[in-house]
Protein chains: 2
Amino acid sequence: MRETQLENTSPLRKKVIPTALRAAVSSGTALLGSCGESFRSNRFDANVRAVSGSTRSPTLADVAEAAGVSLSTASLSFSGNKPVSEATRARVLAAAARLGYAGPNPLARNLRQGRSGVVGIAVGPLSTAFRDPAALPMLDAVSEVLGAAGLGLLLMGDDHARLPLDAVIYDICGRETWAAYDDLAAREVPLVVVEGPDWPGTTFVDIDHRAGCAALAAHLHELGHRRVALLTLEPSHPQREREAGVRDVFPDAHVIGACASDLAAAQDLVAAYLATGPDVTAVVCQSDVQAAAVVIEARRLGLAVPDDLSVAGFDGVATPWLDVELTTVVQPLAAKGRAVADAVLRRIDGEDVDDVVLPVELRIGDSTGPAVEPA
Amino acid sequence: MRETQLENTSPLRKKVIPTALRAAVSSGTALLGSCGESFRSNRFDANVRAVSGSTRSPTLADVAEAAGVSLSTASLSFSGNKPVSEATRARVLAAAARLGYAGPNPLARNLRQGRSGVVGIAVGPLSTAFRDPAALPMLDAVSEVLGAAGLGLLLMGDDHARLPLDAVIYDICGRETWAAYDDLAAREVPLVVVEGPDWPGTTFVDIDHRAGCAALAAHLHELGHRRVALLTLEPSHPQREREAGVRDVFPDAHVIGACASDLAAAQDLVAAYLATGPDVTAVVCQSDVQAAAVVIEARRLGLAVPDDLSVAGFDGVATPWLDVELTTVVQPLAAKGRAVADAVLRRIDGEDVDDVVLPVELRIGDSTGPAVEPA
DNA sequence: TTGTAAGCGTTATCAC
DNA sequence: GTGATAACGCTTACAA
């Protein structure tokens, strides 16, 4: 564990210190040009403020006074919430520029409006959550829709209950109790739950796990498979639904064990299982990552996929490092994300929002084939 | 693009509507028990409030009055910022419980204290940023340190300049201008830049790219390699430093092209290059993901690694789906994250913070071997 | 240990 | 189109 902190070795990189103000004042104009367009004006503003000697940042009241207008007019000049004559507006903005006023203080606006503009998202430990490739397209869609509405996405740990959140998204598949829930419920913070537990007062967004898995199982049955094994997730709503879907077709499916959608973990589990020489012709997994682990470990043991063993996944994510195309249940990740974000926006607006269940689709790849009885 | 919104098919999942209050009031006690410990008391509080008929949420002033203490005493009872006798404190908390008061309003606290408790982190498009396995351990460390300090991490898009952020982390390797910079500078929001451009007023956290790549190149040179190719990133500070490190040893290294740490993209680029039958004995990459792409494509063309071609990466992340251990430059991802978070905390406290450059370490795996001249 | 009072910097509601 | 004024709900000197 080498954490030594070296001297800065790059001669090109000059050490610049705390505030933009100090940097701008102390370094002269030589530093200009390395950043965005309007940096020049910022520097100017900072200099003006430094010169004018005022210690605290200017407020809207200062701007109003400097522009010779009322506080409300100044406010409206920035917010545009009511018409202001172009002349006065220009006067206000000029005064703001002169004073180095950077716009209305978001903290004050938030208090006044009762909203923070921030939506929390609980995803569990980041490296676990985002290692799962299925998480990202959904998060992207959420972030895009909320961002367009001016809302920020805050990654919630367990210690963020005291932050001002306009809504919270719960997306920790597999965890069914949550300490922060009580706090949020008490605050009446809208909560949108993705494939999660059935908490009161929340909006759910889900996919049709059971139908998807049943369709997948039917596909295997048609191929002649009769004895299948199941790689599962930790007990949870999706897991229960999915297992039920498989058992609609294969009531006696054998459970190998449970693990997360983590390649290494799944590999360990699968390697141990395959080493027992199990009497199955197909393995159904709960994610494409798990399925990839089965493919890799099966081959390592000399089993051909799908000739000796059929393998199916779930999610429908890309696995370019695998040279078979997985048979899988494709879930509409982006649509799920958009549905979540829409639900959030509407709940923030005080609307009633119905639960959502999105359909899934079976995609047949090269990893499943006709069942072959062991010789 | 099937986004049909199905009827909710699960009979177990009951539709529950907007606020926790409404749910609690309308559903009776039957819903109890599906969530955390103190849910019972929340329900109780909500009921009390509903019964008492007050339309707006109780404030600290209401609690103070109900408890028969002053506003400041009530505040202190929650914050613990100054001693309060155990008796009065109990009285205040009891009154709070009775009124269904969920604790001090964070929005008001934030305005008063001038801090939001939120740190922005700019990482670019989420699915790009987090698809890179090197991003996660760092983000995890940042999140852990900041979380322990009660700070939340907000994923910044380009439209979040209006949110109240106590500090911002810029971690978009490769993008050298940023529209939001000017706004942040004007607001004097502390900015910590990871491996990024040299903006005034910011604190930098970096690794010793050049030394790492020079060590790697020296290793290849010792193995007899003389003609090497370079897979690069888009032009950026890290890329320039790393290339310089390689050229310290191989001044004439050939550049294949630039791409992100994205397996599929790298595969395309590399496949085209290898198809030209290039005259090199080793390929140096800027990430382990890129290196994995080279290994995969080389094999696809019948080249053995490292016998016919040596391949080196950067980052030192796990690639369990690859069956060689990559020779790579290991960067201290968690330490980098901690350094970033520490810098953020200290800048928020108003401290001057020096730039940080962390050392890297060469790890020799199975993907590099002695140079073999083409027959 | 407790109470009094002064903001924090906005936006929204009214009048004009 | 503009201006006065009242919140928003809290924390923190300062005084008792």
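The basis for the numbers below is simple: all heavy atoms, side chains too, and nothing from hydrogens, waters or symmetry mates. Treat the numbers as computed from the prediction; the structure is a model and nothing was measured.
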Selection from [options] that lies nearest to any side-chain heavy atom of [X]:
X        : options                : result
A:Gln113 : C:dT4, D:dC10, C:dT11  : C:dT11
A:Pro83  : C:dC8, D:dG1, C:dT1    : D:dG1
B:Leu71  : C:dC14, C:dT11, D:dC10 : D:dC10

What's [X] touching, base or sugar-phosphate or nothing? Going by heavy atoms closer than 4.0 Å.
X        : result
A:Asn81  : sugar-phosphate
B:Thr88  : sugar-phosphate
A:Leu107 : nothing
A:Ser75  : base

Would you mind reading off the distance between [X] atom [atom1] and [N] atom [atom2], rounded to a whole angstrom?
X        : N      : atom1 : atom2 : answer
B:Lys82  : C:dT2  : NZ    : C1'   : 11 Å
A:Asn105 : D:dC8  : CG    : C1'   : 13 Å
B:Leu60  : D:dT11 : CG    : P     : 7 Å
B:Arg115 : C:dC8  : CZ    : P     : 18 Å
A:Phe78  : C:dG9  : CZ    : P     : 15 Å

**OP:** Before giving the answer on side chain to side chain contact (heavy atoms under 4.5 Å, CB included), spell out for A:Phe204 and A:Val340 the whole-Å C-alpha distance, their side-chain angles and the decisive distance to 0.1 Å.
**Re:** CA-CA 8 Å; A:Phe204 294 93; A:Val340 168; over 6 Å; no

Any side-chain N or O of [X] under 4.0 Å from OP1/OP2 of [N]?
X        : N      : value
B:Arg109 : D:dC10 : no
A:Ser70  : D:dG3  : yes
B:Tyr101 : D:dC10 : yes
A:Ser79  : C:dT11 : no
A:Thr73  : D:dG3  : yes

**OP:** Could you please spell out the steps behind the side-chain hydrogen bond (donor to acceptor under 3.5 Å, both in side chains) verdict for A:Ser116 and A:Asp166?
**Re:** CA-CA 6 Å; A:Ser116 67; A:Asp166 290 347; 3.2 Å; yes

Subject >> Distance-only donor-acceptor check, side chains B:Ser72 and B:Ser75, under 3.5 Å >> reply: no

Original post:
For B:Leu76 and B:Ala108, take the nucleotide of DNA chain C holding the closest heavy atom to each; which residue's nucleotide lies nearer the 5' end?
Top reply: B:Leu76

**OP:** Measure distances between side-chain N and O atoms of B:Ser72 and base N and O atoms of D:dT11, and say whether any donor-acceptor pair falls under 3.5 Å.
**Re:** no

Original post:
Looking only at N and O atoms, is any donor in the side chain of A:Arg112 or the base of C:dA12 less than 3.5 Å from an acceptor on the other one?
Top reply: no

Subject >> Short N-O contact, B:Arg56 and B:Asp62, less than 4.0 angstrom >> reply: yes

Original post:
With the threshold set at 4.0 Å, does a side-chain nitrogen-carboxylate oxygen contact exist between A:Asp342 and A:Arg346?
Top reply: no

